[in-house]
A.B. asks: 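Before we start, here is the structure in question, set down as C-alpha coordinates.
In what follows, every chain begins at residue 1, and chains take the letters A, B, ... in the order their sequences are listed. In this text the structure is predicted, and so the values were computed from the model without any measurement. FYI, side chains are in, hydrogens and waters are out, and symmetry mates aren't considered; it's all heavy atoms of this structure.
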Amino acid sequence: MSKLSIPQGMRDFPAGMVRKREYIFSRIRKVFELYGFHPLETPAMENLETLMGKYGEEGDKLIFRVLNNGLNDPRNIEKSKQGFEKLLEGKNSPDVTERALKYDLTIPFARYVAMNHGQITFPHKRYQIQPVWRADRPQKGRYREFTQCDADVVGSRSMLNEIELTAIYHDVFFALGITQYNLSVNSRKILAALADLCGGKEKLIDITIAIDKLDKIGLEKVNVELFSRGLNEKQVTVINTFLSISGTNQERIQAVKNLFSKNELAEEGIAEIEYLIKNSKGINIQFDLTLARGLNYYTGIIFEAKAPESVKIGSIGGGGRYDDLTGLFGVPGIPGVGISFGVDRIYDVMEELNLFPEGLQKGTPVLFTNLGEEEVTYCMPLMHQLRKANIGCELYHEKAKLDKQFKYAHKSGTGYCIVIGSNELAGKLATVKDLTTGHQETMSSDTLISYLSTRIKNTNE
RNA sequence: GUGGGUGUAGCUCAGCUGGUUAGAGUAUCAGAUUGUGAUUCUGAGGGUCGAGGGUUCGAGCCCCUUCAUCCACCCCA
(Lines give C-alpha, C1' and ligand atoms only; values in the text may rest on other atoms or scores of the structure.)
Protein backbone atom coordinates (compact mmCIF):
# COMPACT_ATOMS: atom_id res chain seq x y z
CA MET A 1 0.00 0.00 0.00
CA SER A 2 1.35 3.33 -0.98
CA LYS A 3 1.56 5.93 1.74
CA LEU A 4 1.37 8.72 -0.82
CA SER A 5 -1.96 10.46 -1.00
CA ILE A 6 -3.57 13.81 -1.58
CA PRO A 7 -5.98 15.61 0.72
CA GLN A 8 -9.47 14.24 1.01
CA GLY A 9 -11.87 15.41 -1.66
CA MET A 10 -9.11 16.74 -3.93
CA ARG A 11 -8.00 15.21 -7.18
CA ASP A 12 -5.30 14.93 -9.81
CA PHE A 13 -6.38 15.40 -13.40
CA PRO A 14 -4.55 13.25 -15.98
CA ALA A 15 -4.37 14.33 -19.62
CA GLY A 16 -7.72 12.91 -20.68
CA MET A 17 -9.56 14.67 -17.89
CA VAL A 18 -7.75 17.94 -18.44
CA ARG A 19 -8.78 17.92 -22.09
CA LYS A 20 -12.40 17.26 -21.21
CA ARG A 21 -12.35 19.99 -18.60
CA GLU A 22 -10.78 22.36 -21.09
CA TYR A 23 -13.56 21.48 -23.50
CA ILE A 24 -16.10 22.64 -20.92
CA PHE A 25 -14.15 25.75 -19.93
CA SER A 26 -13.66 26.90 -23.49
CA ARG A 27 -17.35 26.64 -24.31
CA ILE A 28 -18.45 28.46 -21.19
CA ARG A 29 -15.80 31.12 -21.72
CA LYS A 30 -16.92 31.61 -25.28
CA VAL A 31 -20.54 32.16 -24.29
CA PHE A 32 -19.54 34.57 -21.53
CA GLU A 33 -17.48 36.58 -24.01
CA LEU A 34 -20.30 36.58 -26.54
CA TYR A 35 -22.54 38.22 -23.95
CA GLY A 36 -20.03 40.95 -23.24
CA PHE A 37 -18.39 39.66 -20.07
CA HIS A 38 -14.68 40.02 -19.43
CA PRO A 39 -12.36 37.92 -17.31
CA LEU A 40 -11.32 38.50 -13.73
CA GLU A 41 -9.14 36.43 -11.44
CA THR A 42 -8.90 36.75 -7.69
CA PRO A 43 -6.44 35.06 -5.33
CA ALA A 44 -6.90 31.58 -3.88
CA MET A 45 -7.02 33.07 -0.41
CA GLU A 46 -8.96 35.93 1.06
CA ASN A 47 -8.77 37.45 4.49
CA LEU A 48 -10.86 35.26 6.74
CA GLU A 49 -12.84 38.29 7.81
CA THR A 50 -13.88 38.90 4.21
CA LEU A 51 -15.56 35.52 4.04
CA MET A 52 -16.95 35.00 7.54
CA GLY A 53 -20.65 35.54 8.00
CA LYS A 54 -21.48 35.69 4.31
CA TYR A 55 -22.67 32.14 3.77
CA GLY A 56 -24.79 31.52 6.84
CA GLU A 57 -23.90 29.55 9.90
CA GLU A 58 -23.33 26.28 8.04
CA GLY A 59 -21.23 28.04 5.45
CA ASP A 60 -18.82 29.45 8.01
CA LYS A 61 -18.06 25.95 9.24
CA LEU A 62 -17.11 24.85 5.72
CA ILE A 63 -14.53 27.55 5.11
CA PHE A 64 -10.97 26.23 4.98
CA ARG A 65 -8.91 28.36 7.29
CA VAL A 66 -5.19 28.78 6.86
CA LEU A 67 -2.94 28.74 9.90
CA ASN A 68 -0.72 31.78 10.29
CA ASN A 69 3.00 31.33 9.85
CA GLY A 70 5.39 31.85 12.71
CA LEU A 71 3.01 30.81 15.46
CA ASN A 72 5.89 29.18 17.30
CA ASP A 73 8.12 32.24 17.11
CA PRO A 74 9.08 33.03 20.75
CA ARG A 75 7.69 36.53 20.33
CA ASN A 76 4.28 35.15 19.25
CA ILE A 77 3.87 32.18 21.54
CA GLU A 78 1.74 33.92 24.18
CA LYS A 79 -0.52 35.41 21.51
CA SER A 80 -0.78 32.05 19.76
CA LYS A 81 -1.82 30.31 22.96
CA GLN A 82 -4.45 32.88 23.76
CA GLY A 83 -5.70 32.85 20.20
CA PHE A 84 -5.96 29.09 20.26
CA GLU A 85 -8.05 29.28 23.43
CA LYS A 86 -10.42 31.56 21.56
CA LEU A 87 -10.64 29.08 18.69
CA LEU A 88 -11.57 26.34 21.14
CA GLU A 89 -14.45 28.51 22.29
CA GLY A 90 -15.62 28.68 18.70
CA LYS A 91 -14.51 32.26 18.16
CA ASN A 92 -12.13 33.65 15.58
CA SER A 93 -8.63 34.68 16.33
CA PRO A 94 -6.54 36.62 13.83
CA ASP A 95 -3.55 35.72 15.99
CA VAL A 96 -3.89 32.13 14.82
CA THR A 97 -5.67 32.31 11.49
CA GLU A 98 -6.35 35.35 9.40
CA ARG A 99 -6.55 33.89 5.90
CA ALA A 100 -8.84 31.37 4.26
CA LEU A 101 -9.28 29.57 0.94
CA LYS A 102 -12.10 31.14 -0.98
CA TYR A 103 -15.46 29.45 -0.64
CA ASP A 104 -17.07 30.80 -3.78
CA LEU A 105 -16.39 33.42 -6.42
CA THR A 106 -19.19 35.86 -5.67
CA ILE A 107 -17.99 37.22 -2.33
CA PRO A 108 -14.39 37.75 -3.54
CA PHE A 109 -15.88 39.49 -6.57
CA ALA A 110 -17.93 41.76 -4.32
CA ARG A 111 -14.81 42.45 -2.28
CA TYR A 112 -12.97 43.33 -5.49
CA VAL A 113 -15.73 45.66 -6.63
CA ALA A 114 -15.93 47.34 -3.21
CA MET A 115 -12.16 47.75 -3.16
CA ASN A 116 -11.98 49.25 -6.64
CA HIS A 117 -15.32 50.96 -7.03
CA GLY A 118 -13.53 54.26 -7.72
CA GLN A 119 -11.84 52.89 -10.84
CA ILE A 120 -14.59 50.66 -12.17
CA THR A 121 -16.96 51.69 -14.92
CA PHE A 122 -20.51 50.60 -14.20
CA PRO A 123 -22.29 48.49 -15.10
CA HIS A 124 -19.40 46.12 -14.64
CA LYS A 125 -19.64 42.70 -16.26
CA ARG A 126 -17.07 40.11 -15.27
CA TYR A 127 -16.63 36.35 -15.44
CA GLN A 128 -14.38 34.17 -13.32
CA ILE A 129 -13.27 30.58 -13.89
CA GLN A 130 -11.40 29.47 -10.80
CA PRO A 131 -11.24 26.80 -8.14
CA VAL A 132 -12.97 27.20 -4.79
CA TRP A 133 -12.67 25.11 -1.63
CA ARG A 134 -15.18 23.80 0.84
CA ALA A 135 -14.49 21.64 3.90
CA ASP A 136 -17.54 19.54 3.16
CA ARG A 137 -17.50 15.78 3.45
CA PRO A 138 -16.94 14.41 -0.05
CA GLN A 139 -19.49 12.19 -1.77
CA LYS A 140 -20.90 11.70 -5.23
CA GLY A 141 -20.63 14.96 -7.14
CA ARG A 142 -19.16 16.72 -4.15
CA TYR A 143 -15.52 17.70 -3.95
CA ARG A 144 -13.52 19.78 -1.54
CA GLU A 145 -11.80 21.54 -4.39
CA PHE A 146 -13.93 22.34 -7.39
CA THR A 147 -14.13 24.89 -10.15
CA GLN A 148 -16.83 27.45 -10.58
CA CYS A 149 -17.55 29.57 -13.62
CA ASP A 150 -19.32 32.75 -12.60
CA ALA A 151 -20.73 35.62 -14.59
CA ASP A 152 -21.80 38.71 -12.65
CA VAL A 153 -23.10 42.15 -13.46
CA VAL A 154 -22.81 44.87 -10.83
CA GLY A 155 -24.05 48.43 -10.91
CA SER A 156 -27.34 47.76 -12.63
CA ARG A 157 -30.85 47.08 -11.37
CA SER A 158 -32.17 46.29 -14.82
CA MET A 159 -34.04 43.03 -15.28
CA LEU A 160 -32.35 42.86 -18.65
CA ASN A 161 -29.42 41.31 -16.81
CA GLU A 162 -31.52 38.46 -15.49
CA ILE A 163 -32.84 37.85 -18.98
CA GLU A 164 -29.32 37.74 -20.42
CA LEU A 165 -28.09 35.43 -17.69
CA THR A 166 -30.99 33.09 -18.33
CA ALA A 167 -30.02 33.01 -21.98
CA ILE A 168 -26.43 32.23 -20.97
CA TYR A 169 -27.60 29.17 -19.06
CA HIS A 170 -29.43 28.03 -22.13
CA ASP A 171 -26.56 28.66 -24.54
CA VAL A 172 -23.94 27.02 -22.36
CA PHE A 173 -25.93 23.88 -21.66
CA PHE A 174 -26.84 23.52 -25.30
CA ALA A 175 -23.24 24.07 -26.37
CA LEU A 176 -22.30 21.19 -24.07
CA GLY A 177 -25.15 18.97 -25.22
CA ILE A 178 -26.95 19.01 -21.86
CA THR A 179 -30.28 19.82 -23.42
CA GLN A 180 -32.39 18.15 -20.73
CA TYR A 181 -31.28 20.46 -17.92
CA ASN A 182 -33.85 22.13 -15.69
CA LEU A 183 -33.75 25.81 -14.88
CA SER A 184 -35.83 26.95 -11.92
CA VAL A 185 -36.46 30.52 -10.84
CA ASN A 186 -38.04 32.05 -7.83
CA SER A 187 -37.92 35.35 -6.05
CA ARG A 188 -36.58 36.03 -2.62
CA LYS A 189 -39.14 38.81 -2.46
CA ILE A 190 -42.00 36.34 -2.70
CA LEU A 191 -40.41 34.18 -0.02
CA ALA A 192 -39.91 37.23 2.18
CA ALA A 193 -43.57 38.13 1.71
CA LEU A 194 -44.49 34.62 2.74
CA ALA A 195 -42.37 34.99 5.85
CA ASP A 196 -44.10 38.30 6.60
CA LEU A 197 -47.38 36.52 6.40
CA CYS A 198 -46.18 33.76 8.71
CA GLY A 199 -44.53 35.18 11.75
CA GLY A 200 -42.16 37.80 10.52
CA LYS A 201 -38.90 38.29 8.70
CA GLU A 202 -36.78 36.39 11.18
CA LYS A 203 -38.59 33.22 10.16
CA LEU A 204 -37.52 33.55 6.53
CA ILE A 205 -34.54 31.22 6.80
CA ASP A 206 -36.45 28.63 8.82
CA ILE A 207 -39.23 28.60 6.28
CA THR A 208 -37.03 28.44 3.22
CA ILE A 209 -34.88 25.64 4.60
CA ALA A 210 -38.00 23.60 5.31
CA ILE A 211 -39.89 24.16 2.07
CA ASP A 212 -36.76 23.60 0.01
CA LYS A 213 -37.01 19.94 1.04
CA LEU A 214 -40.54 19.45 -0.25
CA ASP A 215 -39.75 17.23 -3.22
CA LYS A 216 -37.28 15.25 -1.15
CA ILE A 217 -39.18 14.48 2.05
CA GLY A 218 -42.80 15.33 1.22
CA LEU A 219 -45.32 17.76 2.62
CA GLU A 220 -45.96 15.94 5.89
CA LYS A 221 -42.36 15.99 6.97
CA VAL A 222 -41.98 19.59 5.85
CA ASN A 223 -44.83 20.48 8.19
CA VAL A 224 -43.20 18.57 11.03
CA GLU A 225 -40.06 20.58 10.44
CA LEU A 226 -42.00 23.85 10.29
CA PHE A 227 -43.62 23.11 13.63
CA SER A 228 -40.28 22.20 15.16
CA ARG A 229 -38.94 25.52 13.92
CA GLY A 230 -41.56 27.30 15.96
CA LEU A 231 -44.36 28.04 13.51
CA ASN A 232 -47.98 27.71 14.60
CA GLU A 233 -50.87 25.90 13.00
CA LYS A 234 -52.22 28.94 11.21
CA GLN A 235 -48.87 29.83 9.69
CA VAL A 236 -48.25 26.30 8.52
CA THR A 237 -51.65 26.30 6.86
CA VAL A 238 -50.70 29.39 4.88
CA ILE A 239 -47.44 27.79 3.84
CA ASN A 240 -49.31 24.68 2.74
CA THR A 241 -51.57 26.78 0.59
CA PHE A 242 -48.45 28.33 -0.90
CA LEU A 243 -46.86 24.95 -1.50
CA SER A 244 -49.97 23.47 -3.05
CA ILE A 245 -49.71 25.93 -5.92
CA SER A 246 -49.00 24.01 -9.11
CA GLY A 247 -49.62 23.99 -12.84
CA THR A 248 -48.05 25.98 -15.62
CA ASN A 249 -45.92 29.03 -14.96
CA GLN A 250 -48.91 31.24 -15.82
CA GLU A 251 -51.18 29.38 -13.42
CA ARG A 252 -48.62 29.58 -10.66
CA ILE A 253 -48.11 33.28 -11.16
CA GLN A 254 -51.85 33.85 -10.97
CA ALA A 255 -52.21 31.75 -7.84
CA VAL A 256 -49.40 33.58 -6.08
CA LYS A 257 -50.98 36.87 -7.04
CA ASN A 258 -54.23 35.78 -5.43
CA LEU A 259 -52.54 34.59 -2.28
CA PHE A 260 -50.58 37.80 -1.76
CA SER A 261 -53.07 40.43 -2.81
CA LYS A 262 -52.01 43.87 -1.62
CA ASN A 263 -48.58 42.77 -0.46
CA GLU A 264 -46.20 45.19 -2.11
CA LEU A 265 -43.08 43.05 -1.81
CA ALA A 266 -44.79 40.00 -3.25
CA GLU A 267 -46.24 41.99 -6.11
CA GLU A 268 -42.79 43.25 -6.99
CA GLY A 269 -41.39 39.73 -6.96
CA ILE A 270 -44.20 38.33 -9.04
CA ALA A 271 -43.90 41.13 -11.58
CA GLU A 272 -40.21 40.34 -11.96
CA ILE A 273 -40.84 36.64 -12.44
CA GLU A 274 -43.54 37.41 -14.96
CA TYR A 275 -41.30 39.81 -16.85
CA LEU A 276 -38.40 37.36 -16.92
CA ILE A 277 -40.48 34.47 -18.18
CA LYS A 278 -42.21 36.61 -20.78
CA ASN A 279 -38.87 37.76 -22.15
CA SER A 280 -37.17 34.38 -22.17
CA LYS A 281 -39.09 32.79 -24.97
CA GLY A 282 -37.74 29.52 -26.23
CA ILE A 283 -35.94 28.90 -22.97
CA ASN A 284 -37.28 26.32 -20.59
CA ILE A 285 -37.79 28.00 -17.22
CA GLN A 286 -39.77 26.64 -14.34
CA PHE A 287 -41.27 29.01 -11.77
CA ASP A 288 -40.50 26.91 -8.69
CA LEU A 289 -41.99 28.19 -5.46
CA THR A 290 -39.96 25.80 -3.33
CA LEU A 291 -36.63 27.03 -4.67
CA ALA A 292 -34.94 28.83 -1.81
CA ARG A 293 -31.13 28.71 -2.10
CA GLY A 294 -29.16 28.78 1.08
CA LEU A 295 -26.92 31.74 0.49
CA ASN A 296 -28.22 34.60 2.56
CA TYR A 297 -27.18 37.46 0.36
CA TYR A 298 -29.75 37.02 -2.41
CA THR A 299 -32.55 39.55 -2.45
CA GLY A 300 -34.42 39.22 -5.75
CA ILE A 301 -34.64 36.64 -8.50
CA ILE A 302 -32.86 33.38 -7.71
CA PHE A 303 -31.80 30.68 -10.16
CA GLU A 304 -30.98 27.04 -9.94
CA ALA A 305 -29.90 24.79 -12.79
CA LYS A 306 -30.34 21.08 -12.23
CA ALA A 307 -28.85 18.15 -14.07
CA PRO A 308 -31.17 16.03 -16.22
CA GLU A 309 -33.22 13.84 -13.92
CA SER A 310 -31.63 10.60 -15.09
CA VAL A 311 -28.36 11.79 -13.55
CA LYS A 312 -28.76 11.95 -9.81
CA ILE A 313 -26.40 14.75 -9.08
CA GLY A 314 -28.71 17.68 -8.44
CA SER A 315 -27.60 21.24 -8.81
CA ILE A 316 -25.10 22.12 -11.52
CA GLY A 317 -25.50 25.85 -11.37
CA GLY A 318 -27.06 28.60 -9.33
CA GLY A 319 -27.27 32.30 -8.85
CA GLY A 320 -29.42 35.29 -8.23
CA ARG A 321 -29.70 38.98 -7.52
CA TYR A 322 -28.03 40.59 -4.55
CA ASP A 323 -28.95 44.19 -3.94
CA ASP A 324 -26.22 45.21 -1.60
CA LEU A 325 -23.34 42.77 -1.50
CA THR A 326 -20.68 45.47 -1.53
CA GLY A 327 -22.49 47.11 1.37
CA LEU A 328 -21.02 44.35 3.50
CA PHE A 329 -17.64 45.85 2.66
CA GLY A 330 -18.60 49.43 3.37
CA VAL A 331 -19.58 50.47 -0.15
CA PRO A 332 -23.38 50.57 -0.28
CA GLY A 333 -25.58 51.12 -3.26
CA ILE A 334 -24.07 48.76 -5.82
CA PRO A 335 -26.61 46.11 -6.78
CA GLY A 336 -25.65 43.02 -8.70
CA VAL A 337 -26.79 39.76 -10.16
CA GLY A 338 -24.82 36.69 -11.12
CA ILE A 339 -24.87 33.04 -12.04
CA SER A 340 -22.52 30.16 -11.54
CA PHE A 341 -21.72 26.89 -13.28
CA GLY A 342 -20.28 23.94 -11.36
CA VAL A 343 -17.78 22.50 -13.80
CA ASP A 344 -17.01 19.35 -11.83
CA ARG A 345 -20.63 18.28 -11.68
CA ILE A 346 -21.17 19.26 -15.30
CA TYR A 347 -18.21 17.01 -16.08
CA ASP A 348 -19.80 14.12 -14.19
CA VAL A 349 -23.10 14.67 -15.96
CA MET A 350 -21.45 14.73 -19.38
CA GLU A 351 -19.45 11.63 -18.57
CA GLU A 352 -22.58 9.79 -17.51
CA LEU A 353 -24.54 10.89 -20.57
CA ASN A 354 -21.58 10.30 -22.88
CA LEU A 355 -21.56 13.85 -24.19
CA PHE A 356 -17.84 14.34 -24.72
CA PRO A 357 -16.77 14.11 -28.36
CA GLU A 358 -14.50 11.24 -29.36
CA GLY A 359 -11.63 13.32 -30.67
CA LEU A 360 -10.63 14.70 -27.27
CA GLN A 361 -8.88 11.55 -26.18
CA LYS A 362 -6.14 11.40 -28.81
CA GLY A 363 -2.43 11.39 -28.11
CA THR A 364 0.25 12.90 -30.29
CA PRO A 365 -0.91 12.85 -33.93
CA VAL A 366 2.31 11.49 -35.39
CA LEU A 367 5.09 9.25 -34.05
CA PHE A 368 8.37 8.68 -35.90
CA THR A 369 9.91 5.32 -35.19
CA ASN A 370 13.52 5.19 -34.12
CA LEU A 371 15.64 2.55 -35.82
CA GLY A 372 19.07 4.10 -35.36
CA GLU A 373 21.28 7.16 -35.46
CA GLU A 374 21.22 7.63 -39.22
CA GLU A 375 17.44 7.35 -39.30
CA VAL A 376 17.14 9.91 -36.50
CA THR A 377 19.20 12.42 -38.43
CA TYR A 378 16.91 11.85 -41.40
CA CYS A 379 13.76 12.33 -39.25
CA MET A 380 14.74 15.55 -37.54
CA PRO A 381 14.16 17.95 -40.46
CA LEU A 382 10.94 16.12 -41.32
CA MET A 383 9.63 16.63 -37.83
CA HIS A 384 10.60 20.26 -37.97
CA GLN A 385 8.56 20.69 -41.15
CA LEU A 386 5.55 18.91 -39.66
CA ARG A 387 5.60 21.14 -36.62
CA LYS A 388 5.81 24.21 -38.81
CA ALA A 389 2.72 22.88 -40.57
CA ASN A 390 1.00 22.67 -37.18
CA ILE A 391 1.13 18.90 -36.95
CA GLY A 392 2.21 17.59 -33.56
CA CYS A 393 4.83 14.86 -33.74
CA GLU A 394 7.44 13.10 -31.68
CA LEU A 395 10.28 10.66 -32.15
CA TYR A 396 10.49 7.45 -30.19
CA HIS A 397 12.96 8.21 -27.42
CA GLU A 398 15.46 5.45 -28.21
CA LYS A 399 16.33 2.81 -30.72
CA ALA A 400 14.10 -0.18 -30.10
CA LYS A 401 12.37 -3.05 -31.75
CA LEU A 402 9.56 -1.94 -34.00
CA ASP A 403 6.86 -3.86 -32.24
CA LYS A 404 7.72 -2.12 -29.03
CA GLN A 405 7.48 1.25 -30.71
CA PHE A 406 4.15 0.39 -32.27
CA LYS A 407 2.88 -0.82 -28.95
CA TYR A 408 3.81 2.50 -27.41
CA ALA A 409 2.13 4.35 -30.26
CA HIS A 410 -1.01 2.32 -29.88
CA LYS A 411 -1.26 2.75 -26.15
CA SER A 412 -0.55 6.45 -26.11
CA GLY A 413 -3.21 7.11 -28.72
CA THR A 414 -0.98 8.12 -31.61
CA GLY A 415 -2.77 8.68 -34.92
CA TYR A 416 -0.02 7.88 -37.43
CA CYS A 417 3.31 6.13 -37.30
CA ILE A 418 6.10 7.08 -39.70
CA VAL A 419 8.52 4.22 -40.22
CA ILE A 420 11.96 5.30 -41.35
CA GLY A 421 14.40 2.44 -41.94
CA SER A 422 17.17 1.61 -44.31
CA ASN A 423 14.79 1.31 -47.30
CA GLU A 424 13.28 4.74 -46.71
CA LEU A 425 16.71 6.20 -46.07
CA ALA A 426 18.02 4.93 -49.39
CA GLY A 427 15.07 6.16 -51.44
CA LYS A 428 14.30 9.37 -49.49
CA LEU A 429 10.96 7.86 -48.63
CA ALA A 430 8.63 7.67 -45.66
CA THR A 431 6.29 4.86 -44.74
CA VAL A 432 3.09 6.12 -43.14
CA LYS A 433 0.75 3.89 -41.21
CA ASP A 434 -2.68 4.97 -40.10
CA LEU A 435 -3.11 3.31 -36.73
CA THR A 436 -6.87 3.44 -36.69
CA THR A 437 -7.38 1.76 -40.07
CA GLY A 438 -4.12 -0.18 -40.28
CA HIS A 439 -3.65 1.14 -43.79
CA GLN A 440 -0.04 1.80 -44.73
CA GLU A 441 1.72 3.34 -47.68
CA THR A 442 5.19 4.41 -48.65
CA MET A 443 5.74 7.77 -50.31
CA SER A 444 8.38 10.32 -51.11
CA SER A 445 9.34 12.28 -48.01
CA ASP A 446 8.41 15.50 -49.86
CA THR A 447 4.75 14.53 -50.07
CA LEU A 448 4.58 13.49 -46.41
CA ILE A 449 3.41 16.87 -45.13
CA SER A 450 0.58 17.37 -47.58
CA TYR A 451 -0.46 13.75 -47.11
CA LEU A 452 -0.71 14.16 -43.34
CA SER A 453 -2.18 17.64 -43.23
CA THR A 454 -5.18 16.62 -45.31
CA ARG A 455 -5.80 13.75 -42.89
CA ILE A 456 -5.15 15.24 -39.49
CA LYS A 457 -7.78 17.59 -38.17
CA ASN A 458 -7.05 19.64 -35.16
CA THR A 459 -9.77 18.47 -32.80
CA ASN A 460 -8.50 20.01 -29.61
CA GLU A 461 -9.70 23.55 -29.32
C1' G B 1 -20.72 17.59 12.18
C1' U B 2 -24.23 12.68 12.12
C1' G B 3 -25.17 7.60 10.21
C1' G B 4 -23.87 3.22 7.10
C1' G B 5 -20.73 0.18 3.54
C1' U B 6 -15.72 -1.11 2.00
C1' G B 7 -10.08 -1.58 2.78
C1' U B 8 -6.10 -8.46 0.26
C1' A B 9 -0.49 -7.51 -5.98
C1' G B 10 -0.11 -1.19 -10.06
C1' C B 11 -5.81 -2.13 -11.20
C1' U B 12 -10.53 -5.39 -10.54
C1' C B 13 -11.49 -8.91 -7.08
C1' A B 14 -11.57 -14.43 -4.80
C1' G B 15 -10.10 -16.42 -0.12
C1' C B 16 -15.44 -21.71 3.18
C1' U B 17 -17.65 -22.31 10.21
C1' G B 18 -10.32 -19.10 12.26
C1' G B 19 -5.84 -24.15 10.40
C1' U B 20 0.60 -25.49 6.60
C1' U B 21 4.20 -21.60 2.19
C1' A B 22 -2.43 -15.99 0.59
C1' G B 23 -4.70 -16.97 -5.05
C1' A B 24 -7.03 -15.55 -10.07
C1' G B 25 -7.82 -12.14 -14.00
C1' U B 26 -5.63 -7.90 -15.88
C1' A B 27 -1.48 -4.64 -16.26
C1' U B 28 4.13 -4.44 -16.20
C1' C B 29 8.95 -6.55 -17.79
C1' A B 30 11.66 -10.33 -20.67
C1' G B 31 11.57 -14.02 -24.51
C1' A B 32 9.11 -16.98 -28.70
C1' U B 33 9.52 -13.33 -33.72
C1' U B 34 16.55 -8.82 -35.85
C1' G B 35 10.81 -3.88 -40.26
C1' U B 36 4.93 -3.30 -37.81
C1' G B 37 0.32 -2.02 -32.65
C1' A B 38 -5.81 -4.38 -29.32
C1' U B 39 -4.74 -11.94 -30.85
C1' U B 40 -1.51 -16.36 -29.09
C1' C B 41 2.33 -19.07 -26.16
C1' U B 42 6.37 -19.26 -22.27
C1' G B 43 8.66 -17.19 -18.10
C1' A B 44 9.67 -13.37 -14.30
C1' G B 45 9.00 -9.53 -10.77
C1' G B 46 5.41 -7.54 -7.54
C1' G B 47 1.61 -8.40 -1.00
C1' U B 48 4.53 -6.08 6.69
C1' C B 49 -3.71 -8.79 3.83
C1' G B 50 -4.85 -0.07 5.47
C1' A B 51 -2.31 0.91 10.54
C1' G B 52 -1.99 -0.21 15.92
C1' G B 53 -3.53 -3.25 19.89
C1' G B 54 -6.36 -7.62 21.85
C1' U B 55 -8.59 -12.86 22.04
C1' U B 56 -6.44 -17.75 20.52
C1' C B 57 -1.95 -23.27 20.35
C1' G B 58 -2.95 -20.61 15.63
C1' A B 59 -5.97 -14.38 12.78
C1' G B 60 -6.62 -12.07 5.89
C1' C B 61 -11.12 -13.95 8.70
C1' C B 62 -13.26 -12.70 15.57
C1' C B 63 -13.08 -8.04 19.21
C1' C B 64 -11.39 -2.85 20.23
C1' U B 65 -9.02 1.66 18.47
C1' U B 66 -7.44 4.55 14.44
C1' C B 67 -6.82 6.09 9.37
C1' A B 68 -8.40 6.10 4.33
C1' U B 69 -12.24 5.73 0.87
C1' C B 70 -17.30 5.42 -0.95
C1' C B 71 -22.60 6.27 -0.01
C1' A B 72 -26.49 8.90 2.59
C1' C B 73 -28.03 13.11 5.93
C1' C B 74 -27.07 18.44 6.88
C1' C B 75 -25.78 21.88 3.28
C1' C B 76 -24.45 22.78 -1.52
C1' A B 77 -21.84 23.40 -7.43
A.B. asks: Describe the nucleic acid contact of G59(A) in one word from base, sugar-phosphate, nothing, applying a heavy-atom distance below 4.0 Å.
C.D. replies: nothing

A.B. asks: Could you pull out the protein-nucleic contacts involving nucleotides 33-35 of chain B (nitrogen or oxygen on both sides, under 3.5 Å)?
C.D. replies:
unit_1, atom_1, unit_2, atom_2, d
rG35(B), O6, S422(A), N, 3.1
rG35(B), O6, N423(A), N, 3.0
rG35(B), O6, N423(A), ND2, 3.3
rG35(B), O6, E424(A), OE1, 3.3
rG35(B), N1, E424(A), OE1, 2.9
rG35(B), N1, E424(A), OE2, 3.3
rG35(B), N2, E424(A), OE2, 3.0

A.B. asks: Describe the nucleic acid contact of S340(A) in one word from base, sugar-phosphate, nothing, applying a heavy-atom distance below 4.0 Å.
C.D. replies: nothing

A.B. asks: What is the ring orientation for F341(A) with F173(A), classed by angle as parallel under 30°, tilted 30 to 60°, or perpendicular over 60°?
C.D. replies: perpendicular

A.B. asks: Expressed in angstrom and rounded to an integer, what is the separation of R144(A) atom CZ from rA68(B) atom C1'?
C.D. replies: 12 Å

A.B. asks: What does the list of N/O pairs under 3.5 Å between the protein and nucleotides 40-46 of chain B look like, with a distance for each?
C.D. replies:
none

A.B. asks: Counting distance alone, no hydrogens or angles: does the base of rC76(B) have a donor or acceptor under 3.5 Å from a partner atom on the side chain of R345(A)?
C.D. replies: yes

A.B. asks: Just checking I209(A): base, sugar-phosphate only, or nothing, at a heavy-atom cut-off of under 4.0 Å?
C.D. replies: sugar-phosphate

A.B. asks: State the pairing partner of rA68(B); accept Watson-Crick or G-U wobble contacts with both distances under 3.5 Å, and report none otherwise.
C.D. replies: rU6(B)

A.B. asks: Please report the distance, rounded to the nearest Å, between OH in Y416(A) and P in rG37(B).
C.D. replies: 19 Å

A.B. asks: What's K213(A) touching, base or sugar-phosphate or nothing? Going by heavy atoms closer than 4.0 Å.
C.D. replies: sugar-phosphate

A.B. asks: Decide whether D324(A) and T299(A) meet the rule of one side-chain donor and one side-chain acceptor closer than 3.5 Å.
C.D. replies: no

A.B. asks: May I ask which nucleotide in the shown strands pairs with rG1(B), Watson-Crick or G-U wobble, both distances under 3.5 Å?
C.D. replies: rC73(B)

A.B. asks: Scan side-chain atoms only and decide if T431(A) and T442(A) contain a donor-acceptor pair under the 3.5 Å cut-off.
C.D. replies: yes

A.B. asks: Can D152(A) and Y322(A) be counted as having a side-chain donor-acceptor contact under 3.5 angstrom?
C.D. replies: yes

A.B. asks: At under 4.0 Å between heavy atoms, what does Y143(A) touch on the DNA or RNA strands: base, sugar-phosphate, or nothing?
C.D. replies: base

A.B. asks: Which nucleotide, in any strand shown, forms a Watson-Crick or G-U wobble pair with rU42(B), with both distances under 3.5 Å?
C.D. replies: rA30(B)

A.B. asks: Check the orientation of Y55(A) and Y103(A). Use parallel for under 30°, tilted for 30 to 60°, and perpendicular for over 60°.
C.D. replies: tilted

A.B. asks: Taking atom types as modelled, is there a side-chain donor on Q405(A) or T369(A) under 3.5 Å from an acceptor on the other?
C.D. replies: no

A.B. asks: Return the value, rounded to whole Å, for the distance between atom CD of Q139(A) and atom C1' of rC73(B).
C.D. replies: 8 Å

A.B. asks: Write down the distance separating the P atoms in rC11(B) and rU48(B), rounded off to the nearest Å.
C.D. replies: 13 Å

A.B. asks: Please give the nucleotide sitting opposite rU12(B) as a Watson-Crick or G-U wobble pair, both distances under 3.5 Å, or none.
C.D. replies: rA24(B)

A.B. asks: Find every protein N or O atom lying less than 3.5 Å from an N or O atom of nucleotides 26-29 of chain B, and list the pairs.
C.D. replies:
unit_1, atom_1, unit_2, atom_2, d
rU28(B), OP1, K411(A), NZ, 2.2

A.B. asks: Would you call the rings of F174(A) and Y181(A) parallel, tilted or perpendicular, where under 30° means parallel and over 60° means perpendicular?
C.D. replies: perpendicular

A.B. asks: Mind checking G314(A) for me? I need base, sugar-phosphate or nothing, with any heavy atom below 4.0 Å counting as a touch.
C.D. replies: nothing

A.B. asks: Is it the case that the base of rC74(B) and the side chain of R137(A) share a donor-acceptor contact (distance under 3.5 Å, atom types as modelled)?
C.D. replies: no

A.B. asks: Can you tell me the Watson-Crick or wobble partner of rG37(B), both distances under 3.5 angstrom?
C.D. replies: none

